[in-house]
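Okay, so here's the structure we're looking at.
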Amino acid sequence: MNKIQVALLGLGTVGKGVYHHLHTHQRIIERELGVSIEIAVIVVKHPEKHHDFAGEAILTSNFQVVLDNPKIAIVFEAIIGKEPAFTYLTKSIQAGKHVITANKEMFAYHGNELVKLANANHVRVGYEATTAGGIPIIQTLKQLFQVNQIRKITGILNGTSNYILTEMRENRLSLDEALQQAQYLGYAEEDPTNDIEGYDAFYKLMILCQLLYDRQPEWTSVKRRGISAITLEDILAQYSQGKRIKHLASVEIIDNQIEASVEPVALASNHPLFAIEGVDNAIVLEGDIVGKVTLSGPGAGSFPTASAMIEDLAIIIRSLKGSNEASRLIESASN
Ligand SMILES: NC(=O)c1ccc[n+]([C@@H]2O[C@H](COP(=O)([O-])OP(=O)(O)OC[C@H]3O[C@@H](n4cnc5c(N)ncnc54)[C@H](OP(=O)(O)O)[C@@H]3O)[C@@H](O)[C@H]2O)c1
């Protein structure tokens with residue numbers, strides 16, 4: 001069996017999910033893709049925390065180890081924030097490595113640059129995991145809607161906010177109580193700013209804008225409101241009229257301008273996102289031929305995010321089949 005070596009940057013919630021499923025699904029990967037995957041290097045910030053987990057891989061905080069190994073063909077990135085993630089992926093691409101990222105903040109800022117750099121270096125960038133977790137929205141837009149003009153997208157893109165709003169309504173909780181519950185269950189970070197102030201949904205929306213329209217709106221022109229000012233009274237007032245408050249990220253083209261917003265909106269029961277509850281995400285696409293299509297599913301978490309990254313891996317490996325590059329990467333890895 002031929003072998004491809006990969007590196008994993010980050011071994012937290014997402015990185016562990018990738019590590020775990022590359023092992024549990026090894027046989028399926030071998031059968032479907034004709035190669036085995038070896039995790040050669042894992043880069044973390046504090047290696048001393050992880051010795052029990054890393055198995056045979058080299059565990060290090062030194063990213064140079066990845067660059068110094070020409071047999072590493074694909075780099076998974078699941079670390080936090082713009083840097084050093086952007087620098088690591090830039091260097092990986094320049095070294096001829098394909099990259100797969102879950103890092104929405106970094107990708108909202110730098111995705112376009114990375115994709116251009118990857119094209120120039122004849123490698124690929126997988127970023128399905130950056131947006132809506134396990135829902136295959138990126139590949140759906142890239143591969144399955146090539147002729148339809150997507151006029152509008154409306155999504156629940158932040159599972160933490162959706163969970164908090166659902167809990168407030170169902171169990172008559174204050175925002176603070178529901179947030180504490182979300183933190184207790186691991187759905188919200190200790191610092192919940194990115195989720196409850198709308199930044200997380202905003203980054204995902206900008207990634208979708210870039211993919212759909214090949215540009216992003218001026219960030220300061222986008223209305224970005226989170227759920228932090230929503231009270232139980234607001235929710236119950238809407239509920240008494242049969243409505244639910246949902247945190248929506250929307251984008252559409254109006255008069256050739258991108259109109260985007262991220263904000264809480266009261267939805268009537270006939271809206272396709274009305275019934276999306278808890279940590280789930282969902283996206284309504286409006287194509288000019290097909291009409292409205294709704295995709296829903298787990299928007300975050302270790303396994304759904306790992307699922308998106310491993311499917312990106314499969315796409316990259318299939319794209320290599322029969323190419324000169326495949327023999328370079330696969331043969332060199334098996335030497
Ligand atoms: N959690 C989710 O459900 C989810 C869903 C979609 C996308 N994402 C994105 O995926 C990424 C990872 O999220 P996560 O939840 O897995 O985070 P996490 O649990 O906090 O893990 C982050 C990992 O990154 C490592 N790391 C941090 N800074 C680093 C540095 N400078 N150099 C090397 N490694 C570094 C940490 O190392 P140590 O362990 O040594 O500290 C840790 O292993 C984020 O960009 C996040 O936005 C997360």
Side-chain angles (χ1 to χ4, degrees), residues 7-21 39 41-54 57-67 75-92 99-111 114 125-138 155-163 182-183 185-195 198-208 278-281 297-312:
L8 183 53
L9 314 184
L11 196 56
T13 304
V14 176
K16 281 185 179 149
V18 172
Y19 182 94
H20 178 77
H21 286 96
I39 303 174
V41 180
I42 301 175
V43 180
V44 292
K45 200 166 187 180
H46 308 102
E48 64 286 356
K49 280 191 340 201
H50 298 285
H51 276 296
D52 291 350
F53 203 84
I58 296 171
L59 183 72
T60 178
S61 56
N62 181 7
F63 173 70
Q64 190 60 36
V65 175
V66 175
L67 291 181
V75 175
F76 288 92
E77 185 264 313
I79 63 180
I80 302 278
K82 295 196 288 288
E83 287 293 352
F86 176 57
T87 302
Y88 288 174
L89 293 193
T90 300
K91 289 184 172 176
S92 299
V99 300
I100 297 171
T101 181
N103 188 333
K104 63 213 94 161
E105 180 180 359
M106 181 279 298
F107 207 75
Y109 277 91
H110 297 301
L114 287 179
V125 180
Y127 58 99
E128 186 67 70
T130 60
T131 305
I135 302 173
I137 179 65
I138 302 294
I156 291 175
L157 298 180
N158 183 259
T160 307
S161 296
N162 203 45
Y163 174 83
Q183 285 168 322
L185 292 170
Y187 297 150
E189 302 286 319
E190 203 176 315
D191 176 358
T193 310
N194 265 350
D195 291 324
Y199 290 101
D200 178 81
F202 173 85
Y203 294 141
K204 294 166 179 171
L205 189 67
M206 293 304 104
I207 292 170
L208 291 176
V279 287
D280 272 359
N281 281 192
S302 180
F303 288 10
T305 312
S307 160
M309 297 185 88
I310 291 174
E311 294 298 346
D312 273 345

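Note that the structure is predicted; figures quoted are calculated from it, not measured. Indexing begins at 1, ligand by ligand and atom by atom, following the structure's order.
Using bins of under 30°, 30° to 60° and over 60° for the plane-to-plane angle, the ring pair Phe63/Tyr88 lands in the parallel bin. Ring planes of His110 and Phe86: parallel class, angle under 30° (limits at 30 and 60°).
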Between ligand 1 and the protein, which N/O pairs fall short of 3.5 Å?
{"residue": "ligand 1", "atom": "3 (O)", "partner": "Gly301", "partner atom": "N", "Å": "2.6"}
{"residue": "ligand 1", "atom": "16 (O)", "partner": "Thr13", "partner atom": "N", "Å": "3.1"}
{"residue": "ligand 1", "atom": "16 (O)", "partner": "Val14", "partner atom": "N", "Å": "2.8"}
{"residue": "ligand 1", "atom": "19 (O)", "partner": "Thr13", "partner atom": "N", "Å": "2.9"}
{"residue": "ligand 1", "atom": "19 (O)", "partner": "Thr13", "partner atom": "OG1", "Å": "3.3"}
{"residue": "ligand 1", "atom": "34 (N)", "partner": "Lys45", "partner atom": "N", "Å": "3.3"}
{"residue": "ligand 1", "atom": "37 (O)", "partner": "Lys45", "partner atom": "N", "Å": "3.2"}
{"residue": "ligand 1", "atom": "39 (O)", "partner": "Lys49", "partner atom": "NZ", "Å": "3.3"}
{"residue": "ligand 1", "atom": "39 (O)", "partner": "His50", "partner atom": "NE2", "Å": "2.7"}
{"residue": "ligand 1", "atom": "40 (O)", "partner": "Lys45", "partner atom": "N", "Å": "3.1"}
{"residue": "ligand 1", "atom": "40 (O)", "partner": "His46", "partner atom": "N", "Å": "2.6"}
{"residue": "ligand 1", "atom": "40 (O)", "partner": "His50", "partner atom": "NE2", "Å": "3.3"}
{"residue": "ligand 1", "atom": "41 (O)", "partner": "His46", "partner atom": "ND1", "Å": "3.0"}
{"residue": "ligand 1", "atom": "41 (O)", "partner": "Lys49", "partner atom": "NZ", "Å": "3.0"}
{"residue": "ligand 1", "atom": "43 (O)", "partner": "Leu11", "partner atom": "N", "Å": "2.8"}
{"residue": "ligand 1", "atom": "43 (O)", "partner": "Gly12", "partner atom": "N", "Å": "3.2"}
{"residue": "ligand 1", "atom": "45 (O)", "partner": "Ile79", "partner atom": "O", "Å": "2.7"}

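A donor-acceptor contact under 3.5 angstrom links the side chains of Thr193 and Asp191, judged on distance only.
By the salt bridge (charged side-chain N to carboxylate O under 4.0 Å, His left out) test, Asp195 is found to be paired with no residue, residues two or more places apart in sequence or in another chain being considered.
Between the side chain of Gln183 and the main chain of Glu189, a donor-acceptor pair closer than 3.5 Å is present.
In this structure, the separation between CG on Asp312 and CD1 on Ile138 is 9.0 Å, given to the nearest 0.5 Å.
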